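Take a look at the structure set out below.
Keep in mind that what you see is a predicted model, and the values were worked out from it rather than measured. Proteins come first, then strands; the chains are lettered A, B, ... in the order of their sequence lines, and each starts at number 1. Heavy atoms only: backbone and side chains are in, while hydrogens, waters and symmetry mates are out.
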There are 2 protein chains.
Amino acid sequence: MAKSNAALIKSRLSAAHEDYLKAIYILGAQGAPVTNSALAEFLGVSPASATNMVKKLDELGLVEYEKYREILLNDSGRRVALEVLRHHRLLELYLHEQLNLTWDQVHDEAERLEHVMSDVLEDAITAALGDPTHDPHGDPIPTKDGRIAPVEGMPLSQAEPRQAYRLVRVLVQDAKRLTYLGSMGLYPNATVILSKRSPFDGPLLIEVNDEPQALDYRLARQILVAPAA
Amino acid sequence: MAKSNAALIKSRLSAAHEDYLKAIYILGAQGAPVTNSALAEFLGVSPASATNMVKKLDELGLVEYEKYREILLNDSGRRVALEVLRHHRLLELYLHEQLNLTWDQVHDEAERLEHVMSDVLEDAITAALGDPTHDPHGDPIPTKDGRIAPVEGMPLSQAEPRQAYRLVRVLVQDAKRLTYLGSMGLYPNATVILSKRSPFDGPLLIEVNDEPQALDYRLARQILVAPAA
DNA sequence: CGTTACTTTTAGCCATGGCAAAATTTTAAC
DNA sequence: GTTAAAATTTTGCCATGGCTAAAAGTAACG
């Protein structure tokens with residue numbers, strides 16, 4: 001019942017609705033409370049616009065929301081958000097693996113395609129990729145039934161010096177920064193060693209696949225690593 | 001100058017604008033004059049909506065239009081229309097060849113994807129397919145610089161009896177009818193012989209790849225064939 | 001020609017999803 | 001507690017792209 005109801009709702013959702021739900025999910029996953037202004041800033045719209053849309057999402061039964069309070073996804077809303085996120089990350093991986101787009105090109109493309117992808121296409125892409133679990137940035141791909149792997153890894157900025165780590169995830173989205181990181185070999189599965197920290201949150205000296213590199217502290221906080229095993 | 005102007009215009013076009021331009025092109029290619037009501041019927045909107053949008057396209061410099069007269073694409077409009085048509089047919093072919101969608105599934109999917117496809121993706125798909133000339137229905141794919149192969153073939157309904165023909169194009173778009181035609185083997189490149197006509201525009205008796213089949217006259221008019229060699 | 005039938009446009013409405021500016025509520029500081 | 005600052009919502013506006021109903025233009029026939 002809840003399922004068919006949600007299916008009915010879903011078929012009437014616009015790309016804007018989906019973008020808001022996805023944004024609420026992503027902001028929520030970052031820990032901080034999801035306020036209308038945080039949402040507005042994330043989406044690049046005015047706070048007034050966010051308030052308006054969140055009220056609509058509440059009426060559609062997709063979020064829990066009371067004036068001046070934080071926004072929470074309910075089960076229906078979370079399912080939609082995870083489905084859009086699944087589309088996004090499947091597309092990113094597909095575009096990268098099968099169509100040879102670079103990892104800095106895939107985000108923007110997926111951002112537009114994710115809203116117009118049928119179930120048939122989702123399944124076809126899943127099959128072509130062999131039911132993958134992570135996209136080219138190391139972000140976990142939600143499963144079709146709405147489960148998602150927990151966050152793994154720690155920021156490279158907090159790594160132990162002289163230990164070998166495996167790069168597991170890059171949270172950076174900006175295309176130019178991704179190009180730059182790629183040029184240093186900082187892709188998922190790269191082997192990274194933190195050689196030396198600089199004081200005052202200065203750059204890190206690291207080794208990427210045995211090549212020495214300097215890395216800005218703020219970028220290092222957006223790169224997640226795990227002990228190399 | 002005209003080119004960069006058009007590029008600026010293009011970046012502001014909505015999916016609706018693109019759909020109208022594509023529809024004007026397709027209707028125009030069918031020979032009949034493109035009136036606002038024909039356009040409205042083709043797109044499934046009211047005549048008033050079509051009038052409205054055509055006025056906007058005129059203001060954008062994409063069509064030549066005067067009240068109560070037929071609508072003509074100008075060079076800018078035709079270029080946009082052919083680009084959208086190129087996207088559509090490239091996508092149909094890609095979805096069919098690389099992702100194994102059936103030929104009755106690809107039209108609706110391409111209809112949505114065609115409006116959100118970047119140049120980078122267009123080029124990647126073109127490269128993956130080896131710069132193809134026709135989609136799975138035999139429709140010619142416009143080139144990137146806006147040229148399109150002329151209509152080839154004659155309706156199967158007008159074929160010479162007992163002659164071998166090659167099926168070159170299927171104008172049917174409806175998914176159910178396509179499924180049905182596919183079940184008879186009526187794909188592009190099939191060998192077709194018209195065995196016998198029935199009077200009063202009745203069904204045709206045909207042979208498809210040496211299998212006898214009955215075919216409705218109206219469908220036969222939407223199947224184009226060329227002499228087999 | 002003039003009248004009628006048909007096509008096309010205009011006028012006025014609706015929903016969506018933006019915005020800025022004004023009003024309100026919450027939070028934080030005293 | 002009171003009050004000032006900050007965050008949030010309300011109000012009223014805009015553009016887009018639909019719609020229906022009414023008005024106007026075109027065409028065809030007697």
I want to verify a distance call: between dG17(C), dT26(C), dT8(D), whose nearest atom is closest to the Arg69(A) side chain? dT26(C)
Check: His87(B) ring centre within less than 6.0 Å of His115(B) ring centre: no
Between Glu66(B) and Gly44(A), which residue's closest nucleotide on DNA chain C lies nearer the 5′ terminus? Glu66(B)
Regarding the side chain of Ser14(B), the nearest nucleotide among dG17(D), dA24(D), dG18(D) is dG17(D)
Between Ser49(B) and dC19(D), is there a side-chain N or O to OP1/OP2 distance below 4.0 Å? yes
Calculate the interatomic distance between Tyr68(B) atom OH and dC6(C) atom C1'; express it in whole Å. 12 Å
Looking only at side-chain N and O atoms, does Ser46(B) come under 4.0 Å of OP1 or OP2 in dC19(D)? yes
Measuring centre to centre across the rings, with the benzene-like ring taken for any Trp, is His107(A) within less than 6.0 Å of His88(A)? yes
d(CG, Asp19(A); C1', dT16(C)) in whole Å: 15 Å
Using the salt bridge (charged side-chain N to carboxylate O under 4.0 Å, His left out) rule, take Arg78(B) and Asp75(B) through it: C-alpha gap first, then chi angles, then the decisive distance, then the call. CA-CA 5 Å; Arg78(B) 186 175 306 104; Asp75(B) 285 350; 3.2 Å; yes
Asn52(B), nearest nucleotide to its side chain (from dT25(C), dT8(C), dC19(D)): dC19(D)
Give one of base, sugar-phosphate or nothing for Ala48(A), where a contact means two heavy atoms less than 4.0 Å apart. base
Would you please confirm or rule out a distance under 4.0 Å between OP1 or OP2 of dG17(D) and any side-chain N or O of His17(B)? yes
Tell me the interatomic distance from Glu41(B), atom CD, to dC6(C), atom P, rounded to whole angstroms. 16 Å
If you only use heavy atoms from C-beta on, which nucleotide in dG17(D), dG18(C), dT8(C) is closest to the side chain of Tyr20(A)? dG18(C)
Output the rounded distance in Å from CG (Leu60(A)) to C1' (dA15(C)). 13 Å
Which of dT16(D), dA21(C), dT8(C) is nearest the side chain of Lys56(B)? It is dT16(D)
For atom CE of Met53(B) and atom C1' of dC19(D), their distance in whole Å: 14 Å
Got a salt bridge between Asp123(B) and Lys144(B), using NZ or NE/NH1/NH2 to carboxylate O under 4.0 Å? yes
Quick one: does any side-chain atom of Asn74(B) pair with a main-chain N or O of Gly61(B) as donor and acceptor, under 3.5 Å? yes
Distance, rounded to the nearest Å, where Asn36(B) contributes CG and dT10(C) contributes C1': 13 Å
Taking only side-chain nitrogens and oxygens of Lys67(B), does any of them come within less than 4.0 Å of OP1 or OP2 of dT7(C)? no
Rounded off to whole Å, could you give me the CD-to-C1' distance for the Glu70(A) and dA7(D) pair? 15 Å
In terms of side-chain heavy atoms of Lys55(B), which of dA20(C), dG17(D), dT10(C) is nearest? dT10(C)
